[in-house]
Undergrad: 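Have a look at the structure that comes next, please.
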Protein chains: 2
Amino acid sequence: MTAIETPPTARPRLPMGELADHADAPALVEVHPGTGRLALVWEDGARAHFPLDWLRDHCACEACRHPVTRERLHRPLTPVTRLPEASLVDGNLALTWADDHRSRFDAGWLYQRRPGQAPAPTLPARRPWAAGYVPCRVVHADFTGSAAGERAWLEALLRDGLVLLEDGPLADEEVSRLAERIGPLRPTNFGARFDVRSKPNPNNAAYTAIGLALHTDLPNWRQPPDIQLLYCLENDAEGGESIFADGFAAAEALREQDPEAFRLLAETPIDFRFQDEEQDIGTRAPILSLDADGEVLEVRFNNWIRDTLRLPAPLIEAWYAAYRRFWRLLHSPEHQIDFALAPGQMVAFDNRRVLHGRRAFDPSTGRRHLQGTYLDLDMLESRLRVLARRA
Amino acid sequence: MTAIETPPTARPRLPMGELADHADAPALVEVHPGTGRLALVWEDGARAHFPLDWLRDHCACEACRHPVTRERLHRPLTPVTRLPEASLVDGNLALTWADDHRSRFDAGWLYQRRPGQAPAPTLPARRPWAAGYVPCRVVHADFTGSAAGERAWLEALLRDGLVLLEDGPLADEEVSRLAERIGPLRPTNFGARFDVRSKPNPNNAAYTAIGLALHTDLPNWRQPPDIQLLYCLENDAEGGESIFADGFAAAEALREQDPEAFRLLAETPIDFRFQDEEQDIGTRAPILSLDADGEVLEVRFNNWIRDTLRLPAPLIEAWYAAYRRFWRLLHSPEHQIDFALAPGQMVAFDNRRVLHGRRAFDPSTGRRHLQGTYLDLDMLESRLRVLARRA
């Protein structure tokens with residue numbers, strides 16, 4: 001009942017200055033010099049042409065890549081015109097250039113990097129909230145205690161733009177400790193870490209007890225914070241439920257229902273501005289930022305810090321009509337979810353995609369206290385790539 | 001020898017929730033209701049039409065603008081169709097809306113905000129380095145001791161992309177103290193404040209003694225740091241001169257000399273990536289980012305952390321040729337300046353515009369120690385606007 005299998009001959013894996021894996025790929029079986037290029041064929045039949053400039057630039061020897069920093073030391077300042085001597089050694093590629101410099105390329109590393117080949121995705125694709133969307137929940141102890149828990153949290157946040165952590169301790173600054181597992185806190189004019197509760201002489205509507213319509217934070221910055229974390233320490237007051245909407249999903253609904261309103265919000269930069277005694281932070285950007293393919297990249301929406309609308313008079317009425325239309329879509333039941341944060345829960349969301357707000361609360365009926373901070377999306381993606389290495 | 005002048009009748013200045021001044025403008029002399037708009041005429045003959053939606057949205061009464069936070073409380077969710085009762089009171093505008101809500105508008109505030117009117121510039125325009133460009137210098141004591149010194153430093157930095165501070169103390173962390181006058185330090189994977197000197201097991205070429213070709217920092221982040229500050233504490237080693245180039249000026253030279261190379265660098269996103277045991281930070285962006293009008297917005301240039309060039313084979317050779325061409329322009333005497341930083345000097349530069357580097361130094365001949373940090377451009381602009389209020 002047992003079968004003896006012949007183990008495949010292992011192709012030696014060559015170091016290429018990468019920490020991510022490139023072992024799982026077929027060996028090379030052919031190399032053909034061409035004009036200014038080498039043609040390579042792998043044992044699964046895949047073939048690709050590699051320009052000589054590219055091969056020389058990507059040499060991973062210790063003279064070309066710093067052995068500790070892994071940074072490129074080679075400067076590709078001279079066009080490579082003479083073909084190297086090329087051979088296959090144990091299924092990997094060996095080159096000797098005209099100046100006797102030698103390069104070794106791992107067949108799997110090259111396979112992953114064939115010109116025109118898209119890299120394997122390491123990050124989850126964004127998924128718009130569908131009807132009945134319910135946020136993913138990760139237990140605090142799983143997040144802090146296991147790579148799988150942390151990955152689940154990161155993947156939900158990058159995919160859905162929002163994720164809940166629950167059953168956490170009621171500990172001051174827990175939000176900072178959690179954030180610092182991922183990256184440094186992103187400081188703003190409100191500090192690196194802020195307390196959301198009603199307080200005297202507020203310089204921001206969040207620090208009152210009034211209801212907050214859906215908004216994104218700090219659209220008056222060139223680069224608003226990417227990711228916001230809000231950790232609930234107390235929530236006994238009547239009211240104060242959190243509300244959220246997927247700005248990308250609402251923008252797509254607007255594009256479908258009223259393409260002209262969508263176009264106006266995407267093509268019309270407006271001013272956002274925050275002023276107090278110490279600050280006057282303003283920038284000009286459209287409500288909807290699109291990429292070169294017309295996909296929504298970012299939503300900036302904050303009625304409190306819209307500055308003077310500086311547009312030619314004929315555009316003004318049309319802009320307000322488009323703004324109202326988007327406002328109503330965002331606040332409609334199809335696009336909005338709400339729930340009361342419980343003490344020990346933390347919500348994290350993509351501040352460039354997901355709008356947040358809250359219902360008014362009555363500070364005479366109890367206390368409501370959240371602690372918040374911001375993180376850079378770069379740090380979340382980096383963390384997920386590092387965790388994927390170990391998987 | 002004295003003359004008695006009749007003082008002009010002062011138009012009362014109405015509070016509009018602004019901290020910047022709006023007093024220096026003529027009074028209103030006429031108001032004419034139109035269809036969905038009011039036409040206003042000032043005593044200097046200027047005239048403008050203000051849509052009713054705009055006027056209602058910009059009401060600055062305490063119900064419409066929070067009296068402490070100055071944020072907009074009014075939500076423009078209902079189109080305004082009925083004309084208000086409009087009158088001029090002491091040269092300012094008084095409106096009573098159909099629902100009896102009353103709005104008062106300062107004539108000067110409206111004058112500055114006539115639809116289609118560009119706002120008065122509060123920030124200096126960027127000026128490319130011309131032949132013989134010499135960096136502005138501000139003395140440390142002037143920067144810390146006078147608003148004029150701080151303004152001079154900020155204006156040079158925003159205009160030229162680079163400014164020198166000199167005669168500062170040889171004090172650990174002075175760079176952080178100076179930066180925090182402007183805004184919070186922007187932290188990265190290298191910390192909020194970093195030391196540049198050769199050290200064992202460097203994770204970055206800057207922490208070695210090798211020469212550093214011109215580069216921008218952290219182009220592998222979605223949002224590289226805007227402003228870099230480098231404060232010199234010691235510089236006795238042989239070599240180690242700082243070099244800088246105005247990336248925008250070099251890009252314009254490339255556009256003129258080789259439009260196809262310029263186009264390739266502007267339209268071809270490439271990968272940048274930094275990997276170490278704890279991080280894997282990467283993003284995809286072109287070397288030159290342009291705005292909608294084709295103006296250069298940002299340069300990303302860092303040969304160490306260029307990741308695998310993932311392009312279709314036919315584009316690869318053309319891309320390397322364009323890259324070489326831009327490299328040579330940047331490092332040519334027309335575009336590059338160099339000087340040795342003296343202890344007590346600090347250079348600040350726009351990391352998205354100005355490339356920096358250094359010549360190799362010999363750590364056996366002396367010590368070289370810089371301390372650096374990053375700031376957000378938003379904070380510099382804010383600081384300059386606040387200083388302009390007091391001017």
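Just so we're on the same page: letters track the sequence lines, and every chain starts at 1. Side chains are part of it too, since the values below use all heavy atoms of this structure and drop only hydrogens, waters and symmetry mates.
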Undergrad: Under a 4.5 Å heavy-atom cutoff, which of His49(A), Glu278(A), Arg113(A), Arg65(A) has the most pairs with chain B?
TA: Arg113(A)

Undergrad: Could you check whether any side-chain N or O of Asp378(A) sits under 3.5 Å from a backbone N or O of Trp221(B), counting only pairs where one atom can act as donor and the other as acceptor?
TA: no

Undergrad: Look only at the side chain of Arg328(A) and the backbone of Leu77(B), and say whether a donor-acceptor pair between them is shorter than 3.5 Å.
TA: yes

Undergrad: Checking Asp376(B) against chain A: side chain, backbone, both or neither under 4.5 Å from a heavy atom?
TA: side chain

Undergrad: Looking at Pro67(B), Pro314(B), Pro119(B), Pro184(B), which makes the most heavy-atom pairs under 4.5 Å with chain A?
TA: Pro119(B)

Undergrad: Report which part of Arg114(B) has an atom under 4.5 Å of a heavy atom belonging to chain A: side chain, backbone, both, or neither.
TA: neither

Undergrad: Within this structure, what is the OG1-CG distance for the pair Thr69(A) and Asp276(B), rounded to the nearest 0.5 Å?
TA: 10.0 Å

Undergrad: Check for a donor-acceptor pair, side chain of Arg389(A) on one end and backbone N or O of Glu277(B) on the other, with a separation under 3.5 Å.
TA: yes

Undergrad: Does Arg72(B) use its side chain to pair, donor to acceptor, with the backbone of Ile305(A) at less than 3.5 Å?
TA: no

Undergrad: What part of Asp271(B) gets within 4.5 angstrom of chain A, counting heavy atoms only: side chain, backbone, both, or neither?
TA: neither

Undergrad: Could you check Glu18(A), Arg385(A), Arg70(A) and say which one makes a side-chain hydrogen bond (donor to acceptor under 3.5 Å, both in side chains) with Gln275(B)?
TA: Glu18(A)

Undergrad: Can you tell which of Ala313(A), Pro187(A), Pro79(A), Pro312(A) has the highest number of heavy-atom pairs within less than 4.5 Å of chain B?
TA: Pro79(A)

Undergrad: Measure distances from Ile316(B) to the heavy atoms of chain A and classify the residue's part below 4.5 Å as side chain, backbone, both or neither.
TA: side chain

Undergrad: Counting distance only, does the side-chain N/O of His66(A) pair as donor-acceptor with the main-chain N or O of Trp304(B) below 3.5 Å?
TA: no

Undergrad: Got a salt bridge between Asp53(B) and Arg324(A), using NZ or NE/NH1/NH2 to carboxylate O under 4.0 Å?
TA: yes

Undergrad: So does Arg47(A) have more than 12 non-hydrogen atoms from other groups sitting under 6.0 Å from CZ?
TA: no

Undergrad: Using side chain to side chain contact (heavy atoms under 4.5 Å, CB included), reason through Asp280(B) and Arg383(A) one step at a time and then give a plain yes or no.
TA: CA-CA 7 Å; Asp280(B) 187 345; Arg383(A) 185 79 186 137; over 6 Å; no

Undergrad: Among Arg186(A), Arg310(A), Arg273(A), His58(A), which residue has the highest count of heavy-atom pairs closer than 4.5 Å to chain B?
TA: Arg310(A)

Undergrad: Do the side chains of Met379(B) and Ile281(A) get nearer than 4.5 Å, heavy atoms only?
TA: yes

Undergrad: In terms of heavy-atom proximity below 4.5 Å to chain A, should Thr188(B) be classed as side chain, backbone, both, or neither?
TA: backbone

Undergrad: If I measure from the heavy atoms of chain A, does Leu185(B) come under 4.5 Å with its side chain, its backbone, both, or neither?
TA: backbone

Undergrad: With side chain to side chain contact (heavy atoms under 4.5 Å, CB included) as the test, would you mind laying out the steps for Asn303(A) and His74(B) before giving the verdict?
TA: CA-CA 8 Å; Asn303(A) 197 57; His74(B) 174 73; 5.9 Å; no

Undergrad: Answer with side chain, backbone, both or neither: which region of Arg325(A) has an atom nearer than 4.5 Å to a non-hydrogen atom of chain B?
TA: neither

Undergrad: Looking at side-chain heavy atoms only, is the closest gap between Arg75(B) and Trp327(A) below 4.5 Å?
TA: yes

Undergrad: Check each atom of Ala213(B) against the heavy atoms of chain A and say whether the ones under 4.5 Å are side chain, backbone, both or neither.
TA: both

Undergrad: Give the member of Ala192(B), Gly36(B), Gly17(B), Gly282(B) that has the highest number of heavy-atom pairs under 4.5 Å with chain A.
TA: Gly282(B)

Undergrad: Which bit of Phe50(B) is near chain A, if near means a heavy-atom gap under 4.5 Å: side chain, backbone, both or neither?
TA: neither

Undergrad: Between Arg222(B) and Gln223(A), is a side chain to side chain contact (heavy atoms under 4.5 Å, CB included) present by the stated rule, with each step listed?
TA: CA-CA 10 Å; Arg222(B) 278 189 169 66; Gln223(A) 285 115 31; over 6 Å; no

Undergrad: Could you check whether any side-chain heavy atom of Thr308(A) comes within less than 4.5 Å of a side-chain heavy atom of Trp54(B), counting everything from C-beta outward?
TA: yes

Undergrad: May I ask you to decide whether Glu71(A) forms a salt bridge with Arg306(B), counting only side-chain N to carboxylate O separations under 4.0 Å?
TA: no

